[in-house]
Amino acid sequence: MTQEKNTGPKLEEEANQSHSEHKSDSGSAEKIVTDENTKLEEKLQEITDKYKRALADAENMRQRTQKLVEEAKLYGIQSFCKDLLEVADVLEKATESVPKEELKKENPHLKSLYEGLAMTEAQIQKVFKKHGLVKLNPFGDKFDPYEHEALFHVPMEGKEPGTVALVSKVGYKLHGRTLRPALVGVVKEP
């Protein structure tokens, strides 16, 4: 009987101890689960943030690439146009160099040649305009360093200082961007 008595209270103690251990185990398990949940939420937030940033970067890259493609389409012919400007200049000088009094019926070959050059010059200007290349002849305009290159300054009575007095070589713009500045002489203060 003594054994039964000893085991009885001992069993109760063990049961109480195991019950309290179970309570402390469940409390620590809850804490572990809560900590893990918090870590997972932080990780999810971090991954979501990285995902949103990656999406934004991809969209920015797409927009930049699209802009570069559009600019390449607009300005891809820039070097070709620069080369053709010299041809246009030669045609213009050729038509300007023919004296108007020589263009009479007495000289039909010169007149035909002149008319051919003038038509060719008009046609090349038409093609330039079609592709966004615009001629700049700034005679009498205010000097603009983005569109003009001043070769010299000249004092002139009756002209406002800072205006273009002489155009040595016309300029050109391609889709609003100066391709070649006009070479000019600018009025200075007397």
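Given the structure is predicted, the values throughout are model-derived calculations rather than measurements.
Under a cut-off of 6.0 angstrom, the local environment of CZ in R53 is sparse, with at most 12 non-hydrogen atoms contributed by other residues, nucleotides or ligands.
To the nearest 0.5 Å, atom CE of residue M61 and atom CZ of residue R64 are 5.0 Å apart. Between atom CZ of residue R180 and atom CG of residue L133 there is a gap of 9.5 Å, rounded to the nearest 0.5 Å. Distance check, rounded to the nearest 0.5 Å: NE2 of H175 to CD of E71 gives 11.5 Å. Distance check, rounded to the nearest 0.5 Å: CG of D49 to CG of L44 gives 11.0 Å. Residue K129 holds its NZ atom at 9.5 Å from CD of Q125, rounded to the nearest 0.5 Å.
Judged by distance alone, the side chains of Y146 and K173 never bring a donor and an acceptor atom under 3.5 Å apart. Side chain to side chain, E121 and T95 meet the donor-acceptor criterion of an N or O pair below 3.5 Å.
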Test log, rule side-chain hydrogen bond (donor to acceptor under 3.5 Å, both in side chains), inputs Q45 and E41: CA-CA 6 Å; Q45 184 66 32; E41 285 177 357; over 6 Å; no
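With V170 as reference, N137 is the one residue of L183, V184, N137, L136 to meet the side-chain contact (heavy atoms from CB on, under 4.5 Å) rule.
E70 and K73 are not joined by a salt bridge, as no carboxylate oxygen comes within less than 4.0 angstrom of a charged side-chain nitrogen. Using a cut-off of 4.0 Å between Lys/Arg side-chain N and Asp/Glu carboxylate O, E149 and K169 are scored as not salt-bridged.
Considering every non-hydrogen atom in both R177 and Y75, the closest pair reads NH2-CE1, 3.4 Å.
Aromatic ring orientation, H148 versus F143: tilted (interplanar angle from 30° to 60°).
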